[in-house]
Amino acid sequence: MPSKSSARLAALTVAAVCSAASTVVLTSPAHADTVRIHDVQGDTRISPLAGQQVTDVTGVVTGIRTYGSSRGFWIQDPAPDADPATSEGVFVFTSSTPKGVAVGDAVTVSGTVSEYVPGGTSSGNQSLTEITRPTFTVTSSGNPLPAATTVDARSVPAAYTPAGDPAAGGSINALPLRPTRYALDFYESLEGMNVQVSDTRVVGATDPYTELWVTVKPHEHRNHRGGTVYGSYDAQNTGRLQIQSLGKASDFPDANVGDTLAGTTEGPLDYNQYGGYTLVAGKLGTLESADLQRETTREQRSTELAVATYNVENLDPGDDTFAAHAAAIVDNLKSPDIVSLEEIQDNNGATDDGTVAADLTMTKLIEAIEAAGGPRYDWRSVDPADKQDGGEPGGNIRQAFLFNPARVSFTDRAGGDATTATDVTKVRGKAALTLSPGRIDPASEAFDNSRKPLAGEFTFRGRTVIVIANHFASKGGDQGLTAQYQPPSRSSETQRHLQAKAVHDFTAKILKTQKNADVVALGDINDFEFSETTELLEGRGTLWSAIKSLPRSERYSYVYQGNSQALDQILISPSIRRGTFAYDSVHINAEFHDQISDHDPQVLRFRP
């Protein structure tokens, strides 16, 4: 999956719905309450007062946000009503850093009730109820905060969400909240309120934006490394919760999956575009390390061919991660015979000047591997046409083959370029590529603005092995699990389905030419082993995703929003599946805060 950094930084600059600065009035309230916070929130996701002016809404300040584009403070009514569906907290959006207000202040607030959709309406996200263009009055200070609502395994329902209303395009916005039945309704009923979690296990490592993910359900689809596995579209893992902090970024813990945020973490429950419901902590628990170790696979035997896939996340000559990637390949992957690399950038990275060659990138990596004690790899690739393969603008990412010439040989058949398709022919009774290396169907609409599959023909111990390196279209544009539309739309699948069909058909052509051909299709598939994308790629007996040979709890290569999931896969032809093979998802990146890539490499060992 291409790096989210550039897209996210751009999104962080998006203005909020209202930019007027708040007016602070430090006097006694003029009259009694007219509207309470639970009246503002109502018992659905959309306020019944949206767009209306409210006057003298009372509450105690529970948190102040002084950074980012959504500055303001949360207030909560210390005298709740009896309806569990109506939240007693709300965010007051001030645009600029709020002045003259502190946590523990009792305030009255007047302003406009608004529904703000983080990420914009096109994102499909739920909206956040806010009071905007506010004036407020501080009536007293130093008040105790309303008791935090505990979020734990008992309180969060097992069912994830109601189905969306077909009459509303699948939206759940207007549905009455049932917080004892659905997890998303439970979290929504606490929007803006002071909540707490205790002794929670980390299931998503700290990222560069000082966020991490915990679970309040310690046994929910847990694996032995402490993660929470996403194994089907119906197993969304309701115990996951994002944690941010109202404190300084430097004070946020560097957590890995399996660590524990011990003690109490407490603060307002927010909703944002990068994960939905988020506990914004004024009080953070203490990090207790689980001492998670990076995995190491075993070395291949002399009769085994080791083939790996590794997304190196926009690697270009200006990066400082070459030594770390080299150590991963040599020490953790044990120098596979063939490595399919995804996200190799051109020789000057994101500089957009027409450069497409990546020989400097590849040479630097090969030299780093040799310096780390590995073999002197050779490499093959096909340069893309400028700005035609997606990814970071100017980077021209592509797949490339590393191979150890002391163990395998590459069959070169000249003529492959960015726009010329390789095909299948028969040579001495066996399937062969017309171009090697060559691209599969590069002119197809399936690969518009996306990486084209790279095919190469190798020989190991006298046996031909055809390897197809893939990097399918990313999930960008899909609605999130916490979207207002349920089930959420996965619009990016349309292109991946076309890509999967193209690679499947090419593989089927190989197997029609030679029934017992050894074919490996691998890479960043950007979809799950249970997805329709994978089903289309497999076809009926053409390929099989070998990650499914692992126990369900071990089928992951990527951690997203606290879900450990499989995006990287190695698929094998029937001749390989019928033989002796071993599969390993080598966890060296995705679970760690100091990752050098967001993907874990995969290794297949088999005897051709």
Side chains of Leu145 and Val103 in contact at under 4.5 Å (non-hydrogen atoms): yes
Glu295 side chain near Arg225 side chain, heavy-atom distance below 4.5 Å: yes
Ring-face cation of Arg65 near Phe91 (centre distance under 6.0 Å, axis angle within 45°): yes
Min side-chain heavy-atom separation Tyr583-Leu550 under 4.5 Å: yes
Main-chain N/O of Phe186 paired with Ser189 side-chain donor or acceptor, under 3.5 Å: yes
Ser444 vs Lys452, side chain to side chain contact (heavy atoms under 4.5 Å, CB included): CA-CA, chis, key distance, verdict: CA-CA 9 Å; Ser444 169; Lys452 284 67 174 172; over 6 Å; no
Donor-acceptor side-chain pairing of Arg71 and Thr97 below 3.5 angstrom: yes
Under 3.5 Å donor-acceptor, Asn470 side chain and Phe472 backbone: no
Least distance between heavy atoms, Asp568 atom then Ile547 atom: O-CD1, 4.2 Å
Considering all heavy atoms, the nearest Asn396-Pro384 contact: O-CG, 3.8 Å
Gap between atom CD of Glu313 and atom CG of Asp319 - 0.5 Å precision: 9.0 Å
Gln569 and Thr534: side chain donor to acceptor below 3.5 Å: yes
Under 3.5 Å side-chain donor-acceptor pair for His38 and Glu88: yes
Salt bridge (Lys or Arg N to Asp or Glu O under 4.0 Å) between Arg294 and Asp600, worked out: CA-CA 10 Å; Arg294 287 174 163 85; Asp600 287 332; over 6 Å; no
Nearest-0.5 Å distance, OG of residue Ser557 to CG of residue Asn311: 9.0 Å
Value rounded to 0.5 Å, distance of CH2 in Trp213 from OG1 in Thr228: 11.0 Å
Worked check of side chain to side chain donor-acceptor pair (under 3.5 Å) between Gln196 and Thr264: CA-CA 7 Å; Gln196 69 174 24; Thr264 299; 4.7 Å; no
Heavy-atom pair of closest approach, residues Ser47 and Thr129: CB-CG2, 3.9 Å
Donor-acceptor pair between Gln486 and Tyr182 side chains, under 3.5 angstrom: no
Working for side chain to side chain contact (heavy atoms under 4.5 Å, CB included), residues Ile64 and Trp74: CA-CA 7 Å; Ile64 300 173; Trp74 289 268; over 6 Å; no
No-hydrogen, no-angle side-chain donor-acceptor test under 3.5 Å, Ser340 and Glu342: yes
Heavy-atom closest contact (Asp259 atom, Asp254 atom, distance): OD2-O, 4.5 Å
Close side-chain approach of Pro253 to Leu261, heavy-atom, < 4.5 Å: yes
SB check Glu554 Lys548 (cutoff 4.0 Å): no
Lys/Arg-Asp/Glu bridge criterion (N-O < 4.0 Å) met for Asp152, Lys217: no
Polar side chain donor-acceptor pair, Ser585 to Gln602, under 3.5 angstrom: yes
Side chain to side chain, Ser127 and Tyr271, heavy atoms closer than 4.5 Å: no
Asp270 CG to Ser70 OG distance, which is reported to the nearest 0.5 Å: 6.5 Å
Residue of the set Glu188, Gln242, Arg240 for which side chain to side chain donor-acceptor pair (under 3.5 Å) holds with Tyr277: Glu188
Pair Tyr556-Glu591, side chain to side chain donor-acceptor pair (under 3.5 Å): steps then yes or no: CA-CA 10 Å; Tyr556 66 96; Glu591 299 165 315; 2.7 Å; yes
Worked verdict on Leu284 versus Ile243 for side chain to side chain contact (heavy atoms under 4.5 Å, CB included): CA-CA 9 Å; Leu284 267 171; Ile243 306 291; 3.9 Å; yes
Interatomic spacing from CD1 in Ile570 to CG in Leu522 - rounded to 0.5 Å: 5.5 Å
Over all atoms of both residues, closest heavy-atom pair of Thr260 and Asp199: CG2-C, 4.1 Å
Distance-only polar pair, side chains of Glu266 and Asn194, donor-acceptor under 3.5 Å: yes
Salt bridge (Lys or Arg N to Asp or Glu O under 4.0 Å) assessment of Glu532 paired with Arg496: CA-CA 9 Å; Glu532 186 177 350; Arg496 283 197 302 282; over 6 Å; no
Asn272-Thr278 side chain donor-acceptor pair, cut-off 3.5 Å: yes
Heavy-atom pair of closest approach, residues Pro268 and Thr62: CG-OG1, 3.9 Å
Side chains of Glu220 and Thr238, donor plus acceptor under 3.5 Å: yes
Tyr160 side chain near Asn237 side chain, heavy-atom distance below 4.5 Å: no
Side-chain touch Asn589/His599, heavy atoms, less than 4.5 angstrom: no
Lys475 vs Asp527, salt bridge (Lys or Arg N to Asp or Glu O under 4.0 Å): CA-CA, chis, key distance, verdict: CA-CA 8 Å; Lys475 288 182 169 291; Asp527 224 333; 3.2 Å; yes
Gln565 (side chain) donor-acceptor with Asn563 (main chain) under 3.5 angstrom: yes
Donor + acceptor pair across side chains of Ser489, Gln479 (<3.5 Å): no
Lys501, NZ atom: more than 12 neighbouring heavy atoms under 6.0 Å: no
Rounded distance [0.5 Å steps], CG in Leu537 versus CH2 in Trp544: 13.5 Å
Between Asp81 and Thr86, a side-chain donor and acceptor under 3.5 Å: yes
Full working for side chain to side chain contact (heavy atoms under 4.5 Å, CB included) between Ile596 and His325: CA-CA 7 Å; Ile596 54 173; His325 283 305; 3.4 Å; yes
Ring centres under 6.0 angstrom apart (His587, Phe592): no
Close side-chain approach of Ser171 to Asp165, heavy-atom, < 4.5 Å: no
Under 3.5 Å, which donor-acceptor pairs link side chains of residues 173-181 to any protein atom two or more places apart or in another chain?
unit_1	atom_1	unit_2	atom_2	d
Asn173	ND2	Gln484	OE1	2.8

Intermediate values then yes/no, salt bridge (Lys or Arg N to Asp or Glu O under 4.0 Å), Glu529 and Arg552: CA-CA 10 Å; Glu529 81 282 7; Arg552 291 184 182 274; 5.6 Å; no
Phe528 ring center within less than 6.0 Å of Tyr230 ring center: yes
